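Report on the structure given below.
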Amino acid sequence: MTTSTEALVPRLREICGAGNVITDPLELRTYECDGLTSHRSVPALVVLPAAAAEVASVVAVCAAAGVPFVARGSGTGLSGGALPREDGVLIVMSRMRSVLEIDPVSRRAVVEPGVTNLSVSKAAAPFGLFYAPDPSSQVVCSVGGNVAENSGGAHCLKHGFTVHHVTGLEIVTPAGELTWLGDGTGVCSGYDLLGAFTGSEGTLGIVTKIVVKLMPLPEVVHTLLAAYATTAEGGRAVSDIIAAGIVPAAIEMMDALSIEAAEAAVHCNYPAGAGAVLIVELDGPASEVEAELATVRSLCEKAGATEIRAADDPAQRAVIWAGRKSAFAAVGRISPSFIVQDGVVPRTSLGAVLARIASLSSEAGIRVANVFHAGDGNLHPLVLYDDSVPGQEAAAEEVSGQILDACLEAGGSITGEHGVGVDKSRYMPKMFTSADLDTMQLVRCAFDPANLCNPGKIFPTPRMCGEVPGHRRAPHPAVAAGQAEIF
Ligand SMILES: Cc1cc2nc3c(=O)[nH]c(=O)nc-3n(C[C@H](O)[C@H](O)[C@H](O)COP(=O)(O)OP(=O)(O)OC[C@H]3O[C@@H](n4cnc5c(N)ncnc54)[C@H](O)[C@@H]3O)c2cc1C
């Protein structure tokens, strides 16, 4: 523990209760990483507040002492967003896990940030409602973390990302003040600060309450599994379905290697020898879904499906989804280590980019399993390596970076839903100019001029606010106009 954080302990114990301030070096190690285990850093202190007022007081104490702080939900993030600071306080939201209100009339729920994603749908189900964003980690990830990452999931193709379902946020600003963004109605006047905050990866403040939209449970849900010899054929089916004007709730694809991993882990019994499987889910009114189902089946057949299975009851659908939902973890069965990559390409480039990934993989002798949200063009290549073999980790990192280059060359993005965090900050200059990055920093500076709120994330070089400024060729236009200041 550093001297400045040690001095905070008595006050933090007063705020959160002695048992909710962790200082033991062994216990602190529990929090040294999120789902991106290649980055580790033990926090100086961990606090577990139980209420918004406690979070505000903790942040105010940190702000007054100039100590950096990082929020953590369930720690399932895959980009190191919740990576703690060795000289800072980690604020863990797991004790704030209540669904505070379900309003079936206005179809809204108010939840605390530590509540798990799936708990919201479970609480809404008795009212015939559900919470649509469904990251595959939904059993454990928190809604606060979902807001910070603007998380997606299999059903975001039709229903949208977290940002489309959040209508109000109570936040603690980096100065320690409690305030609201959005009024819960989803109608915004003035600047859309709610939209700016959602997806800001914990760098603009800490969420303490969330108002979300709830949707009516669909009348029927049908799921098709189509097997193909190649991902290119599966990709053709995806394009044809969308071109036919159908927006399924989900279109997911897995290649042969990810099928092999899922089979080993959960025995999902996908068609033997398939080079790819496509999962297409349709939901909505029965008449509409029945009509679309027939079209989707025929398009899947035309694209070369070797087998099609249909499921219309929850148990059958769960069997089909088991393989897909377990895919990330399942890869641990066939490889000692792996990198979960997250990039986006235009849907029409899926085939070309998958072919490029295959050639990068064979050139480097590094296996890559592909499991992805095909409908959104959101790829999740899993780059497999053995860290006990010298040089393999570096080779895997290299392939992983080249995959992002391929996504950018195709007109895509370096992240679809897992965020930038610490992992991808180095790729930001490949996607954005330095003027773009400076403008984003101005937004961050407006919320957090002291640069204490999750510092060191998203941005590649320390610039502006409390960070050490680098050499600049010319002042940023906003600085020159007197609208912003570099400290
Ligand atoms: C097996 C697996 C499958 C996954 N599948 C998906 C998927 O399908 N789609 C998807 O989008 N992601 C997926 N993820 C990634 C991850 O689950 C999401 O990013 C999730 O939203 C993180 O939530 P968390 O509670 O674990 O947040 P954490 O990992 O604890 O934190 C993530 C970020 O949120 C910030 N944060 C956390 N709580 C707050 C708060 N209250 N206020 C402000 N900032 C906060 C942290 O500082 C950090 O920057 C998957 C991860 C795993 C391990």
Side-chain angles (χ1 to χ4, degrees), residues 31 33-37 39 43 49 52 55 59 68-85 88-97 111-119 133-157 161-163 166 169-174 181 197-210 250 252 265 321 324-332 338 340 342 344 371-373 376 378 380 382 415-423 447-448 453-458:
Y31 301 94
C33 66
D34 61 7
L36 182 76
T37 55
H39 289 67
V55 179
V59 170
F69 53 91
V70 176
R72 176 180 167 114
S74 303
T76 67
L78 291 169
S79 56
L83 187 75
R85 294 269 303 206
V89 175
L90 187 71
I91 305 175
V92 179
M93 310 305 288
S94 54
R95 290 178 69 220
M96 296 175 61
R97 55 167 72 205
V111 305
E112 288 190 312
V115 76
T116 62
N117 174 293
L118 190 60
S119 306
D134 63 339
S136 302
S137 51
Q138 67 179 156
V139 179
V140 57
C141 68
S142 73
V143 179
N146 296 170
V147 170
E149 298 290 359
N150 187 21
S151 292
H155 294 86
C156 290
L157 174 64
F161 281 68
T162 301
V163 70
V166 171
L169 291 176
E170 181 191 66
I171 65 159
V172 172
T173 69
L181 304 178
F197 195 99
T198 308
S200 61
E201 303 192 26
T203 61
L204 303 185
I206 301 188
V207 179
T208 46
K209 275 189 199 75
I210 304 146
E252 300 285 302
W321 276 108
R324 168 60 186 91
K325 294 243 171 181
S326 70
F328 287 4
V331 164
F338 61 96
V340 180
D342 167 42
V344 183
V371 44
F372 51 100
H373 308 307
D376 297 313
N378 185 184
H380 289 317
L382 306 170
T415 171
E417 54 183 15
H418 294 171
V420 177
V422 284
D423 188 38
F447 280 81
D448 180 26
C453 187
N454 209 5
K457 311 288 166 67
I458 303 178

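Whatever order the structure lists them in is the order used to number ligands and atoms, beginning at 1. Treat the numbers as computed from the prediction; the structure is a model and nothing was measured.
Scanning the protein for heavy atoms near atom 5 (N) of ligand 1, the closest one is S136 N, 3.4 Å. In this structure, atom 37 (C) of ligand 1 lies nearest to the protein heavy atom G73 N, 3.5 Å. The shortest contact between atom 25 (O) of ligand 1 and any protein heavy atom is with S142 OG, 2.6 Å. Closest to atom 22 (C) of ligand 1, if we only count protein heavy atoms, is T76 OG1, 3.4 Å. Atom 31 (O) of ligand 1 has as its closest protein heavy atom A82 CB, 3.8 Å. Protein heavy atom in closest approach to atom 12 (N) of ligand 1: H418 CD2, 3.5 Å. A148 CB, 3.7 Å is the protein heavy atom nearest to atom 36 (N) of ligand 1. Atom 50 (C) of ligand 1 has S137 OG, 3.5 Å as its closest protein atom, hydrogens excluded (heavy atom only).
Between the side chain of D448 and the backbone N or O of L204 there is no donor-acceptor pair closer than 3.5 Å. Checked by atom type and distance alone, the side chain of T208 pairs as donor or acceptor with a backbone atom of E170 at under 3.5 Å. D423 places no side-chain N or O within 3.5 Å of a backbone atom of L78 that could act as its donor or acceptor partner. For S74 (side chain) and V140 (main-chain N/O), a donor-acceptor pair under 3.5 Å exists by modelled atom type.
Contact annotation: the side chain of V55 approaches that of M93 to within less than 4.5 Å [non-hydrogen atoms, C-beta and beyond]. Residues E252 and H373 have side chains in contact (heavy-atom distance under 4.5 Å, counting atoms from C-beta outward). For the pair S136 and R324, the minimum side-chain heavy-atom distance is below 4.5 Å.
Residue contact check: I206 has heavy atoms under 4.0 Å from atoms 42 (N), 43 (C) of ligand 1. Below 4.0 Å from some heavy atom of G202 lie the following atoms of ligand 1, by number and element: 44 (N). Every atom of ligand 1 is numbered from 1 in the order shown, and the set under 4.0 Å from a heavy atom of N454 is 47 (O), 49 (O). The distance from ligand 1 to the heavy atoms of E201 drops below 4.0 Å at these ligand atoms: 49 (O). The distance from ligand 1 to the heavy atoms of M93 drops below 4.0 Å at these ligand atoms: 41 (N). Contact atoms of ligand 1 toward S151: 11 (O), 18 (C), 19 (O), 20 (C), 21 (O) (distance under 4.0 Å to a heavy atom of the residue). For ligand 1, the atoms sitting less than 4.0 Å from at least one non-hydrogen atom of P113 are 41 (N), numbered in the order shown with element in parentheses. The N146 neighbourhood of ligand 1 comprises atoms 20 (C), 21 (O), with distances under 4.0 Å to a heavy atom of that residue.
Here A71 has heavy atoms under 4.0 Å from ligand 1 in both its backbone and its side chain.
Around atom 19 (O) of ligand 1, the closest heavy atom drawn from E149, M96, R72, E112 belongs to E149. Among P84, G144, G205, the residue whose heavy atom lies nearest to atom 43 (C) of ligand 1 is G205. In this comparison of P135, G421, G152, the heavy atom closest to atom 11 (O) of ligand 1 sits on G152. Looking at G75, A154, G145, it is G75 that brings a heavy atom closest to atom 28 (P) of ligand 1.
In terms of N/O distances under 3.5 Å, ligand 1 is approached by E417. For the pair C141 and ligand 1, the shortest N or O to N or O distance does not fall below 3.5 Å. Backbone and side-chain nitrogen or oxygen atoms of V207 are examined, and one is located within less than 3.5 angstrom of a nitrogen or oxygen of ligand 1. Ligand 1 has an N or O atom lying under 3.5 Å from an N or O atom of G77, backbone or side chain. Distances between N or O atoms of D134 and those of ligand 1 include no value under 3.5 Å. Looking at ligand 1, you'll find an N or O of G81 within less than 3.5 Å of one of its N or O atoms.
Rounding to the nearest 0.5 Å places CZ of F197 at 6.5 Å from CG of L169. From S79, atom OG reaches atom NZ of K457 across 8.5 Å, with rounding to the nearest 0.5 Å. Atom CD of residue E417 and atom CG of residue N150 lie 9.5 Å apart, to the nearest 0.5 angstrom. We find the CE-OG distance between M96 and S142 to be 11.0 Å, quoted to the nearest 0.5 Å. Going from atom CG of D376 over to atom CZ of F161 covers 5.0 Å, rounded to the nearest 0.5 Å.
Residue pairs satisfying the side chain to side chain donor-acceptor pair (under 3.5 Å) criterion with at least one member in residues 198-207, sequence neighbours excluded, are absent.
In summary, of the residues considered (D134, T116, N117, T76), a side-chain hydrogen bond (donor to acceptor under 3.5 Å, both in side chains) with N146 occurs for N117 alone. The side-chain contact (heavy atoms from CB on, under 4.5 Å) test with V70 is passed by exactly one of I206, N454, I91: N454.
Note on ring orientation: taking the six-membered ring where Trp is involved, the planes of H418 and H380 are parallel (angle under 30°, cut-offs 30° and 60°).
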